[in-house]
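Numbers restart at 1 for each chain; the letters A, B, ... are given by sequence-line order, proteins then strands.
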2 protein chains.
Amino acid sequence: MSATTLRELGLHVTPQRLAVLEAVASHQHSTADRVLELVRANIGTISRQAVYDSLSALVDAGILRRIEPAGSPARYETRVGDNHHHVVCRTCGSLADVDCAVGDAPCLTAASDQGFIIDEAEVVYWGTCPQCAGQLQTTA
Amino acid sequence: MSATTLRELGLHVTPQRLAVLEAVASHQHSTADRVLELVRANIGTISRQAVYDSLSALVDAGILRRIEPAGSPARYETRVGDNHHHVVCRTCGSLADVDCAVGDAPCLTAASDQGFIIDEAEVVYWGTCPQCAGQLQTTA
DNA sequence: ATTTCAGACTTGATTTAGTCCAGATTTGGA
DNA sequence: TCCAAATCTGGACTAAATCAAGTCTGAAAT
């Protein structure tokens, strides 16, 4: 499936790209560095540059989504096209998916858009993950 | 007002901090680098580190808000406590304020919160600013 | 007015995340 | 098969921010 998908999008099919795709698919929300590790563990060798190039190509092609929460390096995920959002733990930085609260286009219409033509509304929820919340209680 | 505010919050009142505060107040959405320039133009000399220190102290004290849109260095603004959001232009990176679409707490309740304790919902609208939209039309 | 010291500031090195570059290699379609 | 375009490699480089160690200063207490 993956190889075919790449070819249909006019992208050359390379072992590196397939491995990058595989790494993100099996480890959602990975950073570029994590993908580098995963791919090396998988196919033995790949350059950092190739990882960045592959990730950008796949993001541009719409196969991957790049998310960049404040205070964290960019992360990548395969779930695209469904406009879901994310929760970030303030304590440990962990990240989880969250479905849209209101139908499938929450808050997409701003009250006053300042004349901007808006094409996407990105929502990031900030809080504390279950694990960190538990630890806070026990230490308190 | 500013000096008093700082003192009330238990922060030392220093010329650097006052100048940083002034710079952000008069130039909303500035980056740390821009603040550095502005303050130097104003009081003559300040270290980069002092700018970062002051900005963090003021953010921690709740006087400033830090926003970090993807692909941009951190920006600072004085408008705090009203939970407004931002529009970012994909073309030129310019940033504008946007009031909440739905009352004063849009999308704050996620559909499935994954067990996270959510304390803030941050919304970033992406699109094209009036200027860039105009230029695209003329060039097309 | 002086003393005192935690907090603030300075300089300079370091880290992190990511990009740029130039040359070698590989890919897919004619 | 063959070639131009696309991709990969390794290293140098940049931007943004942080760390470290020493010096200075605001403001509370004498």
- Minimum-distance nucleotide (side-chain atoms of Ile46(A) versus dC8(D), dA27(D), dT9(D)): dT9(D)

- Task: Determine yes or no for a side-chain-to-main-chain donor-acceptor pair under 3.5 angstrom, with Arg17(B) supplying the side chain and His12(B) the backbone.
- Result: yes

- Message: Regarding Ala57(A), tell me which of base, sugar-phosphate or nothing describes its non-hydrogen contacts under 4.0 Å with the strands shown.
- Response: nothing

- Residue-phosphate contact under 4.0 Å: Thr14(A) side-chain N/O, dC8(D) OP1/OP2: yes

- Note on the structure: Among the nucleotides dT10(C), dG26(D), dT18(D), whichever has the atom closest to the side chain of Ala50(B) is dT10(C)

- Message: On DNA chain D, does the nearest nucleotide to Ala32(B) precede the nearest nucleotide to Gly10(A) from the 5' side, or the other way round? Give the residue.
- Response: Gly10(A)

- Query: Will you find, in the side chains of His86(A) and Glu77(A), an N or O donor that is under 3.5 Å from an N or O acceptor?
  - Reply: yes

- Message: Among dA16(D), dA27(D), dT7(D), which nucleotide has an atom closest to any side-chain atom of Asp33(B)?
- Response: dA16(D)

- Return the value, rounded to whole Å, for the distance between atom OH of Tyr52(A) and atom P of dT9(D). 15 Å

- Report yes if at least one side-chain N or O of Arg48(A) is closer than 4.0 Å to OP1 or OP2 of dT9(D); otherwise report no. no

- Query: Can you tell me how far C1' of dT7(D) sits from CG of Leu6(A), to the nearest Å?
  - Reply: 13 Å

- Query: Mapping Ala74(B) and Val13(B) to their closest nucleotides on DNA chain D, which lands nearer the 5' end?
  - Reply: Ala74(B)

- Item | Gln16(A) side-chain N/O to dC8(D) phosphate OP1/OP2 under 4.0 Å | yes

- Message: Within the 4.5 Å heavy-atom criterion, are Leu38(B) and Ser30(B) side-chain neighbours or not?
- Response: yes

- Item | Length of the line joining Glu37(A):CD and dA17(C):C1', which is rounded to integer Å | 15 Å

- Which nucleotide sits closest to the side chain of Pro15(B): dG26(D), dA8(C), dT27(C)? dG26(D)

- Message: What's Ser47(B) touching, base or sugar-phosphate or nothing? Going by heavy atoms closer than 4.0 Å.
- Response: base

- In whole Å, what is the span from the CZ atom of Arg17(A) to the C1' atom of dG28(C)? 13 Å

- Task: For Leu11(B) and for Gln49(B), find the nucleotide of DNA chain C with the closest heavy atom, then tell me which residue's nucleotide is more 5'.
- Result: Leu11(B)

- Does the side chain of Asp97(B) pick up a donor-acceptor pair with the side chain of His29(B) at under 3.5 Å? yes

- Considering just the side-chain nitrogens and oxygens of Arg7(B), establish if one lies under 4.0 Å of OP1 or OP2 belonging to dA27(D). yes

- Query: Would you say Leu36(A) and Val20(A) are hydrophobically clustered, going by side-chain heavy atoms of ILVMFWY under 4.5 Å?
  - Reply: yes

